Each structure stands twice: as structure tokens, then as C-alpha cells.
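Please read all numbers here as calculations on a predicted model, not as lab measurements.
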Amino acid sequence: SFPTRRSSDLNTPEAIAYEIMRLLENKKRIDTIRKNAKKFVTGNLVEEVIFGKFVFVYKKLMKEGMRNELQLDNFIIQKIIDSNLENKVIMQGNILTENSKPKEPSVFIIILNHNGREDTIECLESIKVQTYKNYKVCIVDNASTDGSQDYFKKHYPWVTLIENKVNFGFAEANNIAIRQAMKMKFNSVLLLNNDTKVAPDMLSELIKPMKVNLTIGIAGPKMYYYNKQNILWFARGKMDWKTGVTSHIGGMKQDYGQYDEICDSDFISGCALLIHRNVISKIGLMDESYFYYQEDIDYCTKAIKAGFKCIVAPRAKLSHKVARTSGGSENPFGAFFKTRNRIIFMKKYATIPQIISFSWYFGIENGMHILSAIKRRNFKIIMPRIKGIAAGILS
């Protein structure tokens, strides 16, 4: 039987039993304890929080064993995604907080079109079957003469169409739509080439790391050649500051899973570039002086210098009809802008020693390109390349 009064010694079993009986008789106190217990459990013992504590300890134990802290952070992000926790947690440093009713971030997809109606149609059809639904598509038409505008109005009424009277190039045309996205309070914008075909889950996989880690400002997918089965075009970007050469890591390689982990990248190709609105708010719009080429590298460099992470989400995938718009550096258009813009970029971001090193390499490289063009009798790209060098130096 339970005691009917408290024992003088508060540590005896009788005294404890007496206090328990008093507690059970007080429904208000029981309700308070129940609410506090629930709050404690949900705040400290649920899967997300336990995982966060594991992450904190794991970081402390394993940081020295990984190549660098960025690699460790990306490993943790991938594990959160693998565990299907990305909609329940937000990573901020070492703290994971509960987000019980997550809302899928809104994405404003911007596609430039210039006399590329058929490519744009295929791109739009691949977007229509996206598993991710919280998006809006905007086509910015750069003065097409192939009837693109009327066709899109008739067959794709769900797409916002911006009609430019002149070809503003890549950066300026995208900036027009980015301003609109910011006014409409979209969480992020996706710059997407019209000569791409996206996988059905591309947007879903691309947005996942950005939901998990708020320091990720820019993300991009793995990209494949359109007409080459499982051959990579872009798995991550590498900038060589001594030469000014930008490389697509994984380019022209068969994909057998060697680039399947989230990784930091010096840049993401503008072919498919997801930008969080926080980045735009902090560093502004794209540099319109480039017109075509290097704007994506410039923007990623600026974002990284501002403290944002730039990553590749490898489970997000698309195929790309490479150089369909400009024709690449073997075309006078590409030869001029690629040459000019590389100089502009290095003048803008490189240190004095890097500029000196770049100048030597760039001079030799272009001399070899011109000799090669003469040998191949591709005379049409020689003067554009020379003019590009002059324009870059004088810019």
C-alpha cells in the first residue's frame, strides 16, 4: 500500500511514492509534464537531431582523415540526402534544426532562345515531365526570326515569354528574367540552355543539396553529350589560375560512377546553373560585358569569393547538344568572344603573378592556334582571334 503522508526523509521509497501519488492526482501537472516530455523528445531524440549530433562528433573525429573540410561537408550532405532527411532538416554549421512542414523551394527556369525553336521544344518537353513541380518556366527570346515567339505562345501557354527586339547575348538576356524572378520572390533561378534535354528527376536532385545546406549558393548537374551514350561533358569545373584555362573534369570520359559524390566545383557551366536568391541578393546580376562565354565562370567565381559554396549534384543529369548555339571556337563568333573574355576575366580576378604567368601561356597558346588554323586553312577564325586579343587588352 502507498503511504498517505510524506516521510520526513525525502530520499526514502515511501517519500518518493507519496510524491508520485500526489502527482498522479494532479491532472494539470501531468499534462504539463507530458507536454514538456514531448518537447524534450522531439527536440533531442528524434532521428534528425540524433543524426545531427552524429555529424558533429563525426566531424571532430574524421576531419583530419579527409582530404579537406569541404570534402567532409559534401560527404555529410550526401548522407543526409541518402537518408531522405533533406526535407526535415536544415544544416547550418554543426546545427540541425527540425523543419516539420517543409515547403519545396520555388524555381524560376530561364531558357534563352535565338532561332533555336526545335531545340527549345525538346527542352520544354523534357521539363514537362519533371517529378519536381514547384517551378515556372520563362523563355527569353533574343530576336528570333524563325517564328519561335508565335509558336511558343500557341503551343506553350504555360510558359512566360519575354520578347527582346535585339539579341542581348547570354548575360543581359538572363538578367532581364532574373530581375523578374526576384520580384516574384522565387527561391532560386535555373539558367538552362535550350539545347539540353533534362532527366525527369534532374530538378528534384539538383535542389536537394541546396535545401540541406544554406551555404550552397550555386549547384549544377552532371552533363552528358547528347549523341554519345553515357559520355560525360561536365562532371565538375576546374580553374587553372596560372594559365587561365578552365577545364571540364570528366569531359569525354565514360561515366561508370567515378563522379557520383557531391563535390565542390570552381564553376558550374551556364548550360545548367541553379542560383539561390541569396546569391543574387548579395552579389547582384551577371556581368553583361561578356555577351557570350565566361559569364558563368565569372559569376561562380564572384559567388565563391562572397562565401557561397558551388557544387555539383551528380544525381541530377542532362544531355547537351554541345556548341549548338555559337559553334564553339572554330567559329568566328566563338573565336572572338572566347579569346576576348578570357582576358577580361583574368584582368578582373587574377593576382599580378597569375596575370604574368597567364600572359606568357596565353601568347604561346594563341600563336599555336593561329598556326594550326593556317595549316587547316581555316582562315575565317584568325582575324576574330586577333581582334579578340586586342579587345580584351583594351577593355
Are the side chain of [X] and the backbone N or O of [Y] linked by a donor-acceptor pair below 3.5 Å?
X	Y	result
Lys302	Ile283	yes
Lys197	Tyr226	no
Asn187	Ser106	yes
Ser281	Asn278	no
Asn230	Asp255	yes
Asn164	Val166	no

Checklist entry - Does the ring of Phe336 carry Lys387 above it, NZ/CZ under 6.0 angstrom from centre and within 45° of its axis? => result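 No, a cation-pi geometry is absent between Lys387 and Phe336.
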Item to check | Separation between CG of Leu274 and CE of Met202, rounded to the nearest 0.5 Å | outcome: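 Rounded to the nearest 0.5 Å, the CG-CE separation comes out at 8.0 Å.
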Item to check | Derivation and outcome, salt bridge (Lys or Arg N to Asp or Glu O under 4.0 Å), residues Lys321 and Glu118 | outcome: CA-CA 12 Å; Lys321 303 167 188 173; Glu118 297 306 315; over 6 Å; no
Checklist entry - Got a sec, which residues hit salt bridge (Lys or Arg N to Asp or Glu O under 4.0 Å) with Arg29, two or more places apart in sequence or on another chain? => result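 Per chain and number, Arg29 pairs via salt bridge (Lys or Arg N to Asp or Glu O under 4.0 Å) with no residue.
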Checklist entry - If you link I, L, V, M, F, W and Y whenever their side-chain heavy atoms are under 4.5 Å apart, who else ends up in the same group as Met368? => result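 In the cluster with Met368 are Ile364.
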Checklist entry - Using a side-chain heavy atom cutoff under 4.5 Å and only I, L, V, M, F, W and Y, what cluster partners does Tyr256 have? => result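 Members besides Tyr256: none; it forms no cluster.
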Next on the checklist: Classify the ring geometry of His248 against Phe267: parallel below 30°, tilted from 30° to 60°, perpendicular beyond 60°.
Outcome noted: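 Aromatic pair His248/Phe267 classed tilted.
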Checklist entry - Sequence neighbours excluded, which residues qualify as ring pair (Phe, Tyr, Trp, His ring centres under 6.0 Å) partners of Tyr349? => result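 Phe345.
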Next on the checklist: I'd like to check the ring pair (Phe, Tyr, Trp, His ring centres under 6.0 Å) partners of Phe337; sequence neighbours left out, ordered by chain and number.
Outcome noted: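 Expected list: Phe291, Phe333.
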Checklist entry - How about Lys238: does its NZ atom have over 12 heavy atoms from other parts shown lying under 6.0 Å from it? => result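 Open.
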Item to check | Residue Lys133 excluded, over 12 heavy atoms near NZ under 6.0 Å | outcome: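 Counting other residues, nucleotides and ligands, NZ of Lys133 exceeds 12 neighbours.
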Checklist entry - Name the one of Asn115, Asn142, Asp141 that satisfies side chain to side chain donor-acceptor pair (under 3.5 Å) with Asn167? => result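 The side chain to side chain donor-acceptor pair (under 3.5 Å) with Asn167 is passed solely by Asn142 among Asn115, Asn142, Asp141.
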Item to check | Residue pairs passing the ring-ring contact (aromatic ring centres under 6.0 Å, His included) test where at least one lies in residues 172-208, sequence neighbours excluded | outcome: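 Sorted result for residues 172-208: Phe108-Phe186.
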